[in-house]
Amino acid sequence: MKLRFKEYLKELRDPRYFQIIYLFLFLVYGIFNLAWDANILKYSLVIGSALLTQYICLRITKQGIGSLKSALITSLGLCLLLNADKAWIYVLAGVLAISSKFIIRIKNKHLFNPANFGIIMAIILTGDAWVSPGQWGSNAILLYFIGAAGLMVILNVGRIDTSLVFIGTYTFLLLGRDIYYLGWEFDVVAHKITNGSLLLFAFFMITDPMTIPNHRKGRIIWSVLVAVLVFLASSRLYVQTAAVWVLFFVTPATVILDKIYKAKKFEWHFGLSMNSISNKFNL
Amino acid sequence: MKHLKTTILIFTALLGSAGTVSSFCGFYVASAGAELYNDKSQVILVRDGNHSIITMSNDFKGNVRDFAMVVPVPVVLKKDMVKVVDPGVFKRLDAYSGPRLVEYYDQNPCQKIEYLYDKITATRSMEAVTEDSEIVEVKKYKVTIEEKYTVGEYDILVLSAKESEGLKQWLIDNDYKIPEKAERVLEPYIKSNMKFFVVKVNLDEVSQTGFSELRPIQLSFESERFMLPLRLGMANSRGTQDMIVYAFTRSGRVEAANYRTVNMPTARMVPTFVKQQFGNFYKDLFDRRYNSEGKDAVFLEYAWNVTPTWPGAKCDPCVGPPPVYNDFKEAGVPWINNGNGGNVFFTRLHVRYSEDKFPEDLFFIVTPNTEHFQSRYIVTNPAYGDLSCDLGIKYQHDLKIRRKKELMELAALTGWSANIYTKYVEYGSGKIDSSGSTQKQRNSVVPIAPRGGHGPTLPALVFIFAFIGIVFLLTRLRPLATIT
């Protein structure tokens, strides 16, 4: 019994649990503090379809069922960002998001950020899905909250560089255009930067270690690229949901950057948990 | 028959207390329209792809010679892109989509809708200006007159400018009273390549046509920018301003892109005396909701499919008649021809903005969301007559409980004190005066009841615990999977 408990604690050191808890807290925050309609059917469909797809895909590819956690993270991302007019679209998004991980692969690494893929596909294929960029508001407390929460997640995974470079570049571009060139006051830029959707994107979407370049240099170039494209799409083309579209179309850059800057592919666990130890020794 | 009536009433009361009154045939008794807000404007937005049609109500009630308006627009507007429309369209849309109070059994005369107008963007001073001076001196100001024409009772100029100082000076020299703060707001608009749509009243036209009020101006143009430039309007107002947006799209709801869009509370059971003061009730409710959401949200008051050929009900119940072909035509919905031609979805948004809480202009997105919504409140009149039978006694007991809940709801929604209405709960004697009530009093103390907008619902709590269960299971799964 004692051993069980120790195993338990080690299992909990997997950073993905932090991610699950924080994403879940955002959902609770949205429902209770931001006056979202608590669409229980939506959450159940997204989470259910994602977990089931992951389970089936793992069975087909004969892998352990441990990585259901990733599916849960993906489905929470979908719950937080995707809206649809019909219930079946949530199932579609969940299934497509997860199956993309198993189908669209290059060199043993899946290509698209699964939640992002699910969102874009739901929007393109059905025309009845959308992302509400304003749903998080621009609350300074929320900034702190998402920032701190995001930081903890990333520190555990070691991909904080993408978030910071992205936010830094984006802020720099906004300051240059809105304040230096256009002559707005700082509150305009502050309002844009503290947009909850943008911060969520920065801390939770573009930090997924599986779908961003492996090498640090690659990641920095990639983050700058994403920030510049998001800036251009939102300020020149007035695309209000620029971030999710940019992340989708910037995916090939990850492949190219991985070719230029070679580094070991990210693996979850890093020997942190008992599992990897037991796997090593074939226990 | 009496028994039957009682049963139905208790049933509906229970339904109401669970907050799930989904559909019923009630009577509309009162509406809380745009007339409640002093510093307010009304705008109709039509969006089809990149095509925007913006209609601005003209609520100017002073001497028409003093009227002037400056609106930043994304493109140079030609004469055929501007027209004046019948002001009645705003009244009809407001009446159709305003927050509503419905009641069971009793029908009450509708409150008369009366408008108060007193807001304007810029005011023109009395002196007349000769047209020549405008053109001759344009170069000095680095201001270009892109277009110049008269539409209806308005003389219109479309200006582009190189620098804010010049534009400001031009406006001042041409007798527009520009607030001091406007200059720093003009600059970003100039740099973002916005043009300035400048409107004055043509006095000859007014005297010829004999219009008693200035008509709304409608602009029609192509632009990626689906937005309303709030910043310029805020330059001459310290406090808050209310704006009602009536939006029409082909696909679904319009929502704010850079601010939160929040539903107003709906389907709430409130005490019967709210009927007499529904306007004040909704005003206080809105104040409270506005404050509790941090003063920086956009509020959804109505969303409905208004497609003429769509067979479903256009409202439930209707406060005013749903828009007909003529309204679509006035509102500038271009894809409706002869009452046919595609879907029309209608959204009513209520924005209360101030300079500190709305630093950015308000951008919108069109969503495919076709879920219907209306801000609706319900009063339930009690049964009359002899209630001495068993069911009647139970009914009176239930009625007291229901009325207590209604008072709690009222306190939570508006902040009105529940304590001063104790008499309301005691009306259980069988001879119930449906209109009897004390005067409403504001309550400065925040009631302990949950806040008006939203609170933890049972399904949400069930979901949260179910989710925690799933995560717990996952933590168990891995060790088990590796061990076996």
Side-chain angles (χ1 to χ4, degrees), chain A residues 4 7-8 11-12 14 17 20-21 24 27-28 31-32 34-38 40 43-44 47 51 64-66 68-69 72 83-85 126-139 178 181-185 187-188 190-192 195 237-241 273-275 278-279 283, chain B residues 164 184-185 187-192 223-227 231 251-252 255-263 293-294 296-298 355-356 358-361 363-371 453-457 459-460 462-464 466-468 470-471 474-479 481-483:
Chain A
R4 240 330 142 66
E7 270 178 23
Y8 218 77
E11 168 70 16
L12 285 176
D14 186 332
Y17 284 117
I20 289 171
I21 290 164
F24 179 64
L27 196 59
V28 173
I31 294 168
F32 288 93
L34 298 179
W36 294 1
D37 290 335
I40 307 304
Y43 306 145
S44 314
I47 294 173
L51 287 180
I65 52 171
L68 281 178
K69 288 188 282 274
L72 198 53
N83 295 301
D85 203 27
T126 70
D128 278 330
W130 74 98
V131 171
S132 292
Q135 69 176 358
W136 293 98
S138 286
N139 196 315
D178 285 9
Y181 176 66
L182 291 181
W184 284 120
E185 276 159 54
D187 55 354
V188 173
H191 190 257
K192 285 181 181 171
N195 181 301
L237 304 173
Y238 298 96
V239 179
Q240 298 297 335
T241 52
S273 96
M274 196 72 175
N275 305 314
S278 42
N279 284 340
L283 290 173
Chain B
S164 60
R184 58 173 196 194
V185 187
E187 180 83 21
Y189 287 125
I190 294 170
K191 292 271 181 64
S192 334
S223 171
E224 296 95 352
R225 283 180 260 199
F226 183 28
M227 53 90 81
R231 285 294 293 235
S251 60
E255 60 177 51
N258 50 352
Y259 294 92
R260 242 156 21 96
T261 308
V262 178
N263 294 358
E293 294 302 329
D296 59 356
V298 172
E355 207 183 357
D356 56 334
F358 281 76
E360 268 189 279
D361 283 332
F363 278 83
F364 298 97
I365 55 168
V366 177
T367 72
N369 188 358
T370 53
E371 196 188 337
H454 41 84
T457 55
V462 169
F463 167 74
I464 287 165
F467 185 86
I468 292 167
I470 293 176
V471 178
L474 280 183
T475 64
R476 311 267 311 172
L477 255 179
R478 186 66 191 231
T482 45
I483 282 162

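Throughout, a chain's letter reflects where its sequence line sits, starting with A, and its residues are numbered from 1. In this text the structure is predicted, and so the values were computed from the model without any measurement. Below, each value reflects all heavy atoms present in this structure, side chains not excepted, and no hydrogens, waters or symmetry copies.
- Top candidate by heavy-atom pairs under 4.5 Å with chain A, chosen from B/Ile365, B/Val298, B/Thr370, is B/Thr370.
- For the atom pair B/Glu371 CD and A/Asn83 CG, the distance stands at 10.5 Å (nearest 0.5 Å).
- Contact annotation for A/Val131: only backbone heavy atoms (N, CA, C, O) come within less than 4.5 Å of a heavy atom of chain B.
- Between B/Thr261 and A/Ser132, the closest side-chain pair of non-hydrogen atoms is not below 4.5 Å.
- We find the CG-CG distance between B/Asp356 and A/Asp187 to be 9.0 Å, quoted to the nearest 0.5 Å.
- Every residue two or more places apart in sequence or in another chain that forms a side chain to side chain contact (heavy atoms under 4.5 Å, CB included) with A/Leu182 is listed here: A/Arg177, A/Asp178, A/Trp184, B/Pro188, B/Lys191, B/Ser192.
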Given A/Tyr238 and B/Met227, is the side chain to side chain contact (heavy atoms under 4.5 Å, CB included) satisfied, shown in steps?
CA-CA 10 Å; A/Tyr238 298 96; B/Met227 53 90 81; over 6 Å; no
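- Heavy atoms closer than 4.5 Å to chain B are found in the side chain of A/Leu27, but not in its backbone.
- Highest contact tally toward chain B, considering only A/Val239, A/Val188, A/Thr241, is held by A/Val188 [criterion: heavy-atom pairs under 4.5 Å].
- Once rounded to the nearest 0.5 Å, the distance linking CD of A/Gln240 with CG of B/Asn258 reads 6.5 Å.
- Remark: aromatic rings of A/His191 and B/Tyr259 are close, center separation under 6.0 Å.
- With sequence neighbours left out, B/Ser164 forms a side chain to side chain contact (heavy atoms under 4.5 Å, CB included) with B/Glu183, B/Leu186, B/Glu187, B/Ile190.
- Residue A/Ala190 does not touch chain B at all, counting heavy-atom pairs closer than 4.5 Å.
- Contact annotation for A/Val28: only side-chain heavy atoms (C-beta onward) come within less than 4.5 Å of a heavy atom of chain B.
- Both the backbone and the side chain of B/Glu224 come within contact range of chain A, each with at least one heavy atom under 4.5 Å from a heavy atom of that chain.
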